[in-house]
Structure formats: structure tokens, C-alpha cells
Amino acid sequence: MVTTRSASKAASSAPNLWAHAPSKLILLWFAVSLPLVIWDSGYVLLRPLTMEGGSLHWPLYTPYKLYGEIDHIYGWKAFHAHNGFTAAQGTLNVVETAMYLVYVWIYFSSGANVKGRATRVLSGRPAAVAVLTAFSAAVMTLSKTVLYWLNEYFSGFDNIGHNRLQDFVVLWLIPNGLWIVFPTYLIYVIGGEIIEGLTVASTGAGIKSE
């Protein structure tokens, strides 16, 4: 029987089946992160209408008045300087979000309920497409976030260096750090499934069930 680590128990009734079942943590991350990224992308790509004084600022984007003061890449400083990094990363956010939504759509449209599993199970081509799409999006997210941090480092923390330590940790480091921790987790888990599936396909060896 061929299964991935996360779906090894779920596919026990189907011989030679490569299957994928996301953990509850992955689904929770998508449920929290996708609306936030869509909100963030809207703010970035619709500036200056979404900024303070703009017609779209209140009430949806009022929290960005504070965040623009914490991270100037989101504030008037970068906008007036015609800094293209903000909009560039916002555009990539749209691409990544679309890819994650493809994964979610495949999961709900093609996933099967399996007794003993808390989440749906994908198998066959839908599983392969979903896993590859989510893995690629996670690599994009992690790479872009690391680039965001490196941009600050190599610019002498030009956009965030003015903050008090407490404000920096609570309002910048922790929120942005989540977009390093969870994409890394996704890459580790889903990447492992891809490796296992390819190993089985090339050698015919079984995968040890959890």
C-alpha cells in the first residue's frame, strides 16, 4: 500500500494509493492567513486610497495607520519615495494566495471523508496537483518573507529601526515571524510527502505507516 505520512492510516482500504490529508494545523493556518493576506494585498495595491485620508481607509484599513508608523514600507515614507518593493511584494502575495486557494478548492471539491480521519483525504491526480501547488506557494511565501527581512537588514533597518524594542517585537517581529514559521512547516511536511511519493513511484518500496 502506497500512502504519504499524513494519510497513511486514511487510505488503508485502498491498495497502492498515494494519498494526502492535511493536518488540522495546516487548515487552521490557511483559515487565518488567507483572509489576512487578502486584506493586506488590498491595502498595498490600492494605495493611496487605503491610506489615512483616502476614500477606502475607513473602516477596513484603519489599523494600517498604526502599522504604517511601525513599518514605514507600509506608510507614507515609502509611498512618497516611490519605493516599489511594497507593491512588488503585494503583487506576489496575490499570486501566492491564488495558489493556496487552488489547494483549498481541490481539497474541498475532491477530498473524500474517510472514517478515522478528522480531515478529508485526497488521492490520485488531485492529490498530486494540490500538494505541488501548496509546496510551491509555501516556498514563494518563505522566500519573499526572508527577502523582506533581508531588505531591512541591508538597508540599516531604514523602515523599522525607529521603533522601541517592545513595539518592534509585538507589532513587527512576532506577526511577520509567523510567515516564516508556518511556511517552513508546510515545506517540511508537504516536501516530505512529495519525496515519499516519488520514492515509491521510482522504487516501488512501501512507506512506513505512522
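Atom set for the values below is all heavy atoms of this structure, side chains included, hydrogens, waters and symmetry mates excluded.
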Hydrophobic cluster membership, [X] vs [Y], 4.5 Å side-chain cutoff:
{"X": "F135", "Y": "I195", "value": "no"}
{"X": "M51", "Y": "W39", "value": "yes"}
{"X": "Y148", "Y": "L186", "value": "yes"}
{"X": "Y74", "Y": "V94", "value": "yes"}
{"X": "V129", "Y": "L132", "value": "no"}

To check you understand the geometry: which heavy-atom pair defines the closest contact between [X] and [Y], and what is its length?
{"X": "T86", "Y": "V44", "answer": "O-CG1, 3.3 Å"}
{"X": "P126", "Y": "S123", "answer": "CD-O, 3.4 Å"}
{"X": "I73", "Y": "R47", "answer": "O-NH1, 4.1 Å"}
{"X": "N93", "Y": "S41", "answer": "CB-OG, 3.2 Å"}
{"X": "E69", "Y": "H162", "answer": "O-NE2, 2.7 Å"}
{"X": "G197", "Y": "W18", "answer": "CA-NE1, 2.9 Å"}

Do we see a donor-acceptor contact under 3.5 Å between the side chains of D40 and Y64?
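Side chains of D40 and Y64: pair found under 3.5 Å.
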Just by distance, with hydrogens left out, do Y100 and S33 show a side-chain donor and acceptor under 3.5 Å apart?
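No, no side-chain donor-acceptor contact under 3.5 Å.
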Examine distances only and state if a side-chain atom of [X] and a backbone atom of [Y] form a donor-acceptor pair shorter than 3.5 Å.
{"X": "T97", "Y": "I38", "result": "no"}
{"X": "S202", "Y": "T199", "result": "yes"}
{"X": "T62", "Y": "W58", "result": "no"}

Can you find a heavy atom in the side chain of [X] that is under 4.5 Å from one in the side chain of [Y]?
{"X": "T119", "Y": "K24", "answer": "yes"}
{"X": "L60", "Y": "Y43", "answer": "no"}
{"X": "Y61", "Y": "L49", "answer": "no"}
{"X": "F108", "Y": "V104", "answer": "yes"}
{"X": "P22", "Y": "Y103", "answer": "yes"}
{"X": "I160", "Y": "I70", "answer": "no"}

W172 vs W149 aromatic rings, parallel, tilted or perpendicular, using cut-offs 30° and 60°?
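Rings of W172 and W149: tilted, 30 to 60°.
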[atom1]/[X] to [atom2]/[Y] distance, rounded to the nearest 0.5 angstrom?
{"X": "L147", "Y": "M140", "atom1": "CG", "atom2": "CE", "value": "12.0 Å"}
{"X": "L171", "Y": "N176", "atom1": "CG", "atom2": "CG", "value": "10.5 Å"}
{"X": "F85", "Y": "E152", "atom1": "CZ", "atom2": "CD", "value": "8.5 Å"}
{"X": "H20", "Y": "I106", "atom1": "NE2", "atom2": "CD1", "value": "10.0 Å"}
{"X": "T133", "Y": "L101", "atom1": "OG1", "atom2": "CG", "value": "11.5 Å"}
{"X": "K144", "Y": "I180", "atom1": "NZ", "atom2": "CD1", "value": "10.5 Å"}

Counting heavy atoms not belonging to H80, are there more than 12 under 6.0 Å from its NE2?
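Yes, enclosed.
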